[in-house]
Amino acid sequence: MKILGIETSCDETAAAVVEDGRKVLSNVVYSQVELHGPYGGVVPEIACRCHVEVLPGVIDEALRDADLAWDDVDALAVTYGPGLASSLVVGLSAAKGLALRLDKPLCAVNHLQAHVYSAFMTPDAPDMASVCPFAALVVSGGHTCLVRVNAPNDFQLLGQTIDDAAGEAFDKGATLLGLGYPGGPVMDRMAKEGRRDAIRFPRGRARKQRGQIDGMDSDLCFSFSGLKTSLMVHLKNHPPGVDDPGVSDVVASYQEAIVDALVKRCERVLEGLDVLAVGGGVSLNSRLREALRDMAARRGVSLLLAEPKYCGDNAAMIAGVAGMGLGVWGEEAMLLDAEPNVPVA
Ligand code: KG4
Ligand code: ZN
């Protein structure tokens with residue numbers, strides 16, 4: 001079954017064709033990052049206008065790369081949430097229109113579940129069903145959550161951020177340091193030159209309210225807004241000079257606080273589970289990947305990291321989820337509206 005996937009939940013316009021959930025025939029991602037850079041973050045109006053302009057060309061390219069005609073497509077898949085409402089609507093409307101015009105079934109996919117699935121798209125990754133139950137970490141610019149996957153269609157939210165997402169912590173930290181947007185990639189690079197134990201930044205613990213936050217264990221939740229404030233205070237007390245080598249120490253220490261917070265909670269969630277899947281834009285971070293590998297080796301658990309090309313937002317993971325028979329199908333999908341705040345489960 002060849003599925004054309006469409007993804008427009010944030011600032012990437014993406015289309016891909018995936019066969020039987022795993023075989024990626026094409027994967028086209030148009031990144032809008034340069035449009036949003038001057039504003040220091042994603043501007044929803046710009047994102048949705050850009051999706052409208054470039055999505056038809058991106059879909060054409062995905063079909064061309066896969067060497068397919070419209071008739072060869074067996075079904076369509078699209079992200080219905082979570083994400084920016086005005087961005088989601090563009091992909092969802094396009095997918096519904098194509099499904100009607102081509103008379104093919106539509107599958108509506110939860111973006112966070114797709115980030116989890118992205119760790120299983122590598123050819124040598126195990127089948128998702130074969131490793132259930134397992135733990136998953138989704139870390140991106142908009143989301144940071146820990147999930148238990150009991151079965152391929154049975155996700156359970158165990159913990160999430162109570163304020164900023166991990167990617168936001170990178171982006172806001174980089175803005176404070178004048179490093180531009182997005183902050184993750186540049187901090188990742190600079191941190192390699194710095195000492196990660198130079199400054200002790202807070203590890204983002206969510207405050208306990210009888211151990212629970214919205215029914216989740218507070219020890220599995222994250223809080224990154226205090227880290228950003230702590231960086232602000234540090235910079236006020238120690239203003240860095242231009243080309244100050246100390247800046248890379250600040251970056252490495254700041255990054256370490258984020259990585260440490262993520263890895264500690266993953267370790268906690270692995271009590272009783274022996275597989276951890278990780279996806280989302282922040283999972284591109286080289287120090288995070290290294291620290292997760294170290295932790296997994298120490299605990300003797302299997303770590304499934306999404307391949308770099310599937311970490312950030314992409315449509316292959318959307319078509320992949322649909323190809324596994326997951327997601328919402330048929331008439332129910334056609335009637336779904338964009339759901340900007342839909343949880344992972
Ligand atoms: O998954 P993604 O492409 O889009 C969202 O759904 O948000 O993630 C984007 C986020 C941004 O915050 C960006 O700074 C972060 O991922 N990011 C990184 C790295 N590359 C991208 N964060 C840390 N290290 C990186 N190498
Ligand atoms: Zn995402």
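Order of listing sets the numbers, starting from 1, for every ligand and every atom in it. Predicted model, so just to flag it, every value in this text is computed and none were measured. FYI, the numbering just counts along the sequence from 1.
Between Gly142 and ligand 1, at least one N/O pair is under 3.5 Å apart. The shortest N/O to N/O separation between Asp313 and ligand 1 falls below 3.5 Å.
At a heavy-atom cutoff of 4.0 Å, ligand 1 is contacted by both the backbone and the side chain of Asn285.
Between Asp74 and Lys2 there is no salt bridge, since none of the side-chain N atoms of the basic residue sits less than 4.0 Å from a carboxylate O of the acidic one. Between Arg298 and Asp294 there is no salt bridge, since none of the side-chain N atoms of the basic residue sits less than 4.0 Å from a carboxylate O of the acidic one. Residues Asp188 and Arg287 are not paired through a salt bridge, judged by the lack of any N-O separation under 4.0 Å between the basic side chain and the carboxylate. Using a cut-off of 4.0 Å between Lys/Arg side-chain N and Asp/Glu carboxylate O, Arg265 and Asp219 are scored as not salt-bridged. In summary, Arg293 and Glu290 do not engage in a salt bridge, as defined by a charged side-chain N under 4.0 Å from a carboxylate O.
Taking hydrophobic clusters as Ile, Leu, Val, Met, Phe, Trp and Tyr residues chained together by side-chain heavy-atom distances below 4.5 Å, Met190 shares a cluster with Ile199.
Look at Cys10 and you'll find every heavy atom at least 4.0 Å from all atoms of ligand 1.
Side chain of Ser26 to backbone of Val17: a donor-acceptor contact under 3.5 angstrom is found.
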Item to check | Worked check of side chain to side chain contact (heavy atoms under 4.5 Å, CB included) between Phe134 and Met128 | outcome: CA-CA 9 Å; Phe134 66 91; Met128 187 160 118; 3.8 Å; yes
Next on the checklist: Between Leu220 and Arg268, does the side chain to side chain contact (heavy atoms under 4.5 Å, CB included) criterion hold? Intermediate values first, please.
Outcome noted: CA-CA 7 Å; Leu220 296 177; Arg268 217 164 275 148; 3.8 Å; yes
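Of the listed options Gly280, Gly281, Gly312, Gly281 places a heavy atom closest to atom 17 (N) of ligand 1. Distances from atom 12 (O) of ligand 1 to the heavy atoms of Leu84, Asp171, Val33, Val139 show the closest one on Asp171.
Of all protein N/O/S atoms, those lying under 2.8 Å from the Zn ion (ligand 2) come to 3.
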